[in-house]
Amino acid sequence: MIKYVAKRLVISLATVWAIATICFFLIRLLPGNPFIVANPLDITNADKMMEYYGLNDPVWMQYVRFMNSLLHLDFGYSLAHAGRSVNEVIALYFPVTAQLAIQAMLFGIPTGTLLGILSAYKRGGTIDISTQLLTIMTTAIPAYVLAAMLQLLLSVKLGWFPASGWETQKYTILPTICLSLGMISGHCRGMRTLMLEVGQQDYLKTAKAKGLSEARIIFFHQIRNALLPMVTNLGLEIAGLLMGSFVIEKIFSVPGLGKYFVNSINELDYTMAMGLVVFQAVVVVAANFIVDILYVLIDPRVKLD
Amino acid sequence: MSETTSSRKLDFTPVGENDRDAEQIIRPSTRYWPEVWKRLFRNKLAVLCLTIIGVIILCAIIMPFLSPYKFDEVNLLSSSLKPSADHFFGTDATGRDLWTRVWIGARASLLIGFLGALTPFIIGTVIGAVAGWYGGRIDMIIMRVCDIMLCIPSMIYMILILMVMGGSISSLVVAMAISGWMGSARGFRGRVLQFKNKEFTLAAKTQGASAARIIFRHILPNILGNIAVGLSGAVPGAIFMEAGMAYIGLGVTPPNISLGQLSTDGITYFMSASKFHLFLYPSLVISVMIFAFFMFGNSLRDALDPRLRDEEYNAKRMRKIKRVLRREARRPGKAVV
Amino acid sequence: MEHNNCLLDIKDLAVSFMTANGEVKAVRGIDFSLSKGETLAIVGESGCGKSVTVQTIMRLNQEPPAVIKNGSIRYTNPEKNIDVDITGLNNKQMQKYRGKEFSMIFQDAMTSLNPTSRVGRQICEAILKHTTLNYKEAKNLAVELLGKVGLPNPEAVFARYPHTMSGGQRQRVMIALALSCNPTVLFADEPTTALDVTIQSQILDLMNKLKKDREMGIIFITHNLGVVARMADRVAVMYAGQIIESGTLEEVFYQPKHPYTWGLLGSVPELKKKENSRLLSIPGTPPDLFAPPKGCSFAARCPHCMKACMQYEPERYQISDGHYAKCWLLDEECGKEVVPPVGRDLSVFKTKRKEI
C-alpha cells in the first residue's frame with residue numbers, strides 16, 4: 001500500500017513539474033517584451049519592469065527561481081497589473097469557484113447516479129428517454145449556449161433566479177445547475193452503461209439462483225458493482241468542473257477564478273494565466289491522487305503492484 | 001406408434017448428400033462489414049444523421065459561392081438586419097451577411113472537427129504501435145509520459161498552446177494533437193500487445209513481413225470497428241472543444257471565423273430581441289452539426305455491437321408477445337396451469 | 001424409475017428467445033424426468049439448448065427475451081408437501097424455490113461469484129434468505145460447508161474475495177453455495193469445463209460423494225462424455241433443442257439408437273484401439289434455430305438420411321422401458337437394420353467410474 005501511494009505521489013509530482021516547466025518555457029517563447037504587450041505606450045517603463053522582474057537574467061536562472069517559488073507554493077505575478085500576485089488572486093477568487101464546484105458535485109453526482117440507475121432499470125421508459133435527451137443536449141449544445149438559454153428562460157422570462165451576480169445563496173442556484181448539467185448527464189450515462197454491463201455478469205445469475213429478491217440483487221449486487229468504477233471518474237470530473245467554471249462564471253458574472261482566468265487571457269496577462277493554469281493543474285492532480293488512493297481502499301479487486 | 005404416422009405417407013428411400021437442400025441446413029454465413037452496414041442503414045436515426053452531415057458539408061462547400069455577399073464584406077447600411085429573403089440569417093452589427101458567415105464558419109468547424117479527430121488519432125496510433133511492438137524501455141518511457149500527460153485535462157494543454165500559438169485552425173489542430181494522442185496511444189498499444197503473439201501475426205512474421213506491415217495490414221483491420229466508433233465520437237468532440245475555446249477567447253482570430261466563434265460573438269445579444277438571430281443561427285447550426293455526428297457515432301456503435309440494442313428492442317416486442325400468449329392461454333382446449 | 005420418487009417431470013417444454021432478428025426456438029418440445037438420488041446427464045453440442053433447459057427450470061432466463069411457449073415443469077416433493085408447475089409461477093413465488101429447492105453450479109466459477117463481496121458473505125446471503133438462522137449461525141454453517149467441500153482452513157476462506165482464489169477453489173465455493181440450503185435438485189451447468197483435468201476429477205468426486213450423502217437429484221450438463229460416464233445414471237442427448245435419445249447410461253452408451261449419438265460417441269478418442277482407426281466426426285453444423293427444419297433436425301448431417309426425415313419430424317420411439325430415441329430408422333415400416341458404423345468399446349468410460 002505504501003509503495004502504491006509513493007508511486008502515485010511520484011507520478012503526481014512529476015505531472016505538476018512537467019506542466020510547470022512547459023508553462024515556464026512557453027512564456028519565454030512568447031515574442032517581444034511582455035510589458036509592451038500589456039501596455040504598449042510605456043516603452044521606457046517596460047525595460048525597467050524587465051529588470052525588476054529579473055527577466056533579463058539567463059533563462060536557467062529564471063527557471064531555478066521559478067521552480068523555487070513554486071516549491072513555496074508561489075504561483076507568480078501579474079504582468080498587466082503591477083504588484084498583483086497570482087496567490088492573491090487565488091486567495092480572493094478560488095473560494096468562490098470551489099463553492100460552486102462543490103455545490104455542483106453535491107447536486108450532480110447523486111442526481112446523475114440515481115437517474116442512471118433508474119434509466120437502466122426501466123430501459124425505454126420515460127426517465128430513460130428524458131435522460132437520453134439531456135445527454136444529447138449537453139453533448140450537442142455548447143455549454144455557453146445552454147447556460148445562456150437557461151438564463152434566458154429561468155431568470156429573465158420566469159424570474160425564478162437572479163440572472164447574474166454572486167450575492168446571496170439564491171444567486172448560486174442557477175450557476176450550480178448549469179455547471180452540474182454535464183456532470184449529471186455524464187454520471188447518468190456512465191451509470192446506465194455500467195448497470196447494463198453488470199446486469200449481464202454471471203454473478204447476477206448466481207445471485208438470482210440463490211433465490212434473492214429482485215431488490216436485493218439490484219441493490220447489493222448490481223448497483224454496488226456498478227458504482228465502484230464510477231469513482232475513478234471523479235478525478236476527471238473535478239477537472240471538468242474547473243474547466244466548466246470558465247464558461248459558467250463568465251456567463252453568470254460569478255467572481256470566481258474561472259472568470260478571472262478568462263479575463264487574464266483576454267487582457268493578454270500571460271504570467272497570470274500561466275500561474276493559474278499551474279494552480280489548476282495542482283488541484284486536478286491532487287484530486288486524481290486522492291481518488292486513486294480512495295479507489296484502492298474501496299475496491300477489493302485492485303491489485304497493488 | 002400413433003395415428004398420425006399411418007395417416008402420413010412415409011417414404012423411406014435414402015437421400016444422398018447432394019439431394020439435400022443446403023440452404024436449409026446452414027444459415028448463409030454472414031460477413032462482418034456488410035452485416036454492419038445493413039444494420040446501420042436499417043436504423044432511421046443513423047440515416048437521418050448521415051443526411052444532415054452530408055447537407056451541412058455540402059452547404060459549407062457551395063453556399064459561400066452561391067451567396068452574393070462575401071463573409072467579411074462590411075456594409076454599414078444594412079447593419080443588424082433581421083432574417084429576410086436578402087439575408088437568410090440576417091446581418092451583424094457591421095452589416096456582414098450571417099448566412100455566408102455561418103457556412104464559412106462551418107467550413108472551419110468541420111475542418112477542425114475532422115483534423116482535430118484524425119491527427120491525434122494518427123499520432124497516438126503510431127506512438128502506441130511503437131510502444132507495444134518494441135516493448136521494454138521504449139514502452140516504459142512512452143507509457144510513463146502517457147500517464148503523466150493524462151493526469152491533466154486536455155483543456156489545459158489547449159489553453160497553454162493556443163495562448164502561445166494564437167488562435168487559428170492549424171494551432172487548434174496542433175493543440176488537439178498534443179492534448180489528445182494519449183488515449184489512442186494507450187488503446188492501440190494494448191491491441192498490439194494483444195495481437196502481437198497471435199498465430200496470424202507470427203505467421204506474417206515468419207514470412208518476413210516488417211513490423212509496420214504487420215501492424216497496419218494485419219492488426220489495424222482487426223480493430224477497424226473500434227476505430228470508427230472512436231473517430232465518430234472525436235469529431236463532434238473537437239468541434240465542441242473549438243467552441244469552448246472560442247468562448248474563453250482562444251478561438252480563431254478575426255477576420256477568420258468559425259461556428260464556435262460566431263455563436264460566441266452572438267451570445268452578447270441573446271437577450272436583445274432585435275439581434276437574437278446573431279445568437280440563434282450559429283448556435284443552432286453548430287448544435288445540429290454536433291448532434292448529427294454524435295448520434296451517428298452512437299448508431300455506428302450499435303451497428304457494430306447489436307447486443308444492447310437487441311435488448312431494448314425485445315422490451316418493446318415483449319409486451320406484444322405477452323398479450324398474444326395470454327390470449328392463447330385463455331383459449332379452450334389448452335390446459336391452463 | 002419409481003414414480004413416487006419423481007422430483008421433476010418435464011412435459012413438452014418449448015422455450016424461445018425473441019431477438020431483433022426473430023424468434024430463436026432454443027428448446028422445442030422436450031420431455032424428461034428426474035428422480036430422487038439420480039443423476040441425469042444432458043449431453044450435446046454447444047448451442048443445442050442444454051443450458052436453456054435447466055435455466056428454464058430454475059426460471060433464470062431473462063423473461064423477456066426468453067418465453068416459455070409450451071409445456072409444463074412439474075416439481076414434486078412429498079416430504080415438503082410440494083407439487084407445483086414451475087411454468088405457472090411468477091418471479092416472486094419462484095424465489096422460494098431458487099436456492100432452497102433447486103440450486104445451480106455454473107460453468108465459470110471465475111465470473112459466477114460477485115468480485116466485490118467476500119465469499120462467506122455470499123454464502124450467508126442464501127442461508128439467511130431461506131432459513132431462520134441468524135447471521136452468526138449462518139456464518140458457522142457456511143464455514144462448515146466450506147470445510148465439507150474440501151477447502152482447507154475454511155474460516156480464512158470465509159473472509160476472502162473470489163479473485164484471490166484459484167479456479168478449483170472457487171468452484172468448491174460455488175458448490176458450497178449451491179448446497180447451503182440443502183436443495184432437492186442440483187443443476188450443474190458444465191461445472192468442470194473451465195478447470196484443468198486434475199481439479200476436474202476432484203470436483204467430480206466431490207459431487208458424487210455429496211450426492212450420495214444427501215440423496216439429491218442432479219441434472220448435469222456437459223459435452224464431455226468421459227464426465228458423463230463417470231457421473232450419470234441416465235443420459236439425455238440433445239440436438240437442436242430436442243432430446244433425440246434418452247435412456248440409462250448403459251443403454252445410451254452401449255446400444256445407441258440415434259445416428260447423432262453414434263456420431264457423438266464416435267468422436268471420442270479411445271485409449272485401447274487399433275492403430276489405423278479413425279476418430280469420427282459429424283460433418284456440418286447444427287441447424288439454424290431461427291428456422292428449424294420441418295423434418296428431423298439432424299437429417300442434413302445424417303449419413304442415413306431418408307426422404308421421410310426431410311419431411312416429417314420423427315416420432316419418439318420407445319426401445320425399452322425408459323430408452324427412447326427420435327429417429328425414423330426405428331419405425332417398423334422402415335425395416336432397415338442400420339448398424340452403428342463402429343462397434344464401440346466403451347469400457348474406457350466405465351473404468352473411469354470410481355466407487356466411492
Side-chain angles (χ1 to χ4, degrees), chain A residues 11-12 14-19 22-23 26-27 29-30 122-125 128 135-137 139-146 148-149 151-152 156 163 193 196-197 199-200 235-236 238-240 242-244 246-247 250-251 258 261-263 265-266 268 270 273-274 277 280-281 284-285 288-289, chain B residues 144-145 147-165 178 233 236-237 239-244 246-250 259-260 263-264 266-268 270-271 276 279-280 282-284 286-295 298 307-308 311-316:
Chain A
I11 290 185
S12 302
T15 313
V16 172
W17 169 78
I19 282 289
I22 294 169
C23 278
L26 280 178
I27 295 181
L29 275 180
L30 288 170
K122 278 245 187 280
R123 257 188 337 248
D128 191 18
T135 310
I136 292 168
M137 259 164 60
T139 31
I141 306 178
Y144 56 89
V145 176
L146 204 59
M149 284 182 343
Q151 195 182 23
L152 186 66
V156 178
T193 316
L196 293 183
E197 215 161 82
Q200 294 183 336
L236 269 182
I238 291 170
L242 281 180
M243 302 295 122
F246 295 171
V247 171
K250 193 180 166 194
I251 287 213
F261 180 66
V262 176
N263 281 346
I265 290 174
N266 292 335
L268 304 177
Y270 292 117
M274 296 278 184
V277 164
Q280 270 154 354
V284 170
V285 168
N288 264 329
F289 175 70
Chain B
R144 281 295 147 274
V145 172
D147 281 346
I148 289 174
M149 286 191 75
L150 274 171
C151 280
I152 300 291
S154 56
M155 207 155 165
I156 285 188
Y157 299 110
M158 300 277 304
I159 291 168
L160 283 174
I161 294 158
L162 289 175
M163 270 165 62
V164 176
M165 288 183 63
I178 292 177
I239 299 173
F240 201 87
M241 183 64 108
E242 188 273 333
Y247 187 75
I248 60 173
L250 291 169
L259 276 181
S263 78
T264 300
I267 206 155
T268 0
F270 85 94
M271 284 206 209
F276 190 68
F279 165 70
L280 179 68
S283 309
L284 198 66
I286 195 171
S287 299
V288 168
M289 195 153 102
I290 298 174
F291 168 82
F293 275 113
F294 176 72
M295 291 312 283
N298 272 1
R307 246 182 344 168
L308 285 180
E311 279 188 24
E312 261 152 55
Y313 174 86
N314 284 328
K316 278 182 209 153

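Below, chains carry the letters A, B, ... as their sequence lines are ordered, and counting in each starts from 1.
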- Message: Any heavy-atom pair between the side chains of Thr139(A) and Phe240(B) that's under 4.5 Å?
- Response: no
- Note on the structure: Pair count under 4.5 Å, heavy atoms only, with chain B: among Ile251(A), Val16(A), Asn263(A), highest is Ile251(A)
- Exercise: identify the closest heavy-atom pair between Ile148(B) and Ala14(A): CD1-CB, 3.7 Å
- What distance do Leu242(A) atom CG and Met155(B) atom CE have between them, rounded to the nearest 0.5 Å? 10.5 Å
- Distance-minimising heavy-atom pair for Lys250(A) and Tyr247(B): NZ-O, 3.5 Å
- Query: Are Ile141(A) and Ser283(B) close enough that some pair of their side-chain heavy atoms sits under 4.5 Å apart?
  - Reply: no
- Leu250(B), part contacting chain A, at a heavy-atom distance under 4.5 Å: side chain
- Query: Of the backbone (N, CA, C, O) and the side chain (C-beta and beyond), which part of Phe293(B) lies under 4.5 Å from a heavy atom of chain A, both, or neither?
  - Reply: neither
- With a 4.5 Å cut-off on heavy-atom pairs, point out which of Val284(A), Val285(A), Leu152(A) contacts chain B the most. Leu152(A)
- Note on the structure: Turns out that what part of Ile159(B) lies under 4.5 Å from chain A's heavy atoms comes down to side chain
- Counting only heavy atoms closer than 4.5 Å, note whether Leu160(B) contacts chain A via side chain, backbone, both or neither. both
- Item | Heavy-atom proximity to chain A below 4.5 Å, by part of Phe291(B) | both
- Spatial distance of atom OG (Ser154(B)) from atom CE (Met243(A)) [nearest 0.5 Å]: 8.5 Å
- Query: With distance as the sole criterion, is a donor-acceptor pair present between the side chains of Tyr144(A) and Ser263(B) under 3.5 Å?
  - Reply: yes
- Please flag which part of Phe289(A) lies under 4.5 Å from any non-hydrogen atom of chain B: side chain, backbone, both or neither. neither
- Query: So what's closer than 4.5 Å to chain A heavy atoms on Met295(B): side chain, backbone, both or neither?
  - Reply: side chain
- Message: With a 4.5 angstrom heavy-atom cut-off, is it the side chain or the backbone of Ala281(A) that approaches chain B, or both, or neither?
- Response: both
- Item | Rounded distance [0.5 Å steps], OG in Ser287(B) versus CD1 in Ile136(A) | 12.5 Å
- Contact origin within Val247(A) toward chain B - heavy atom pairs under 4.5 Å: both
- Message: Testing the basics here: between Phe279(B) and Ala148(A), what is the closest heavy-atom pair and its distance to 0.1 Å?
- Response: CZ-CB, 4.3 Å
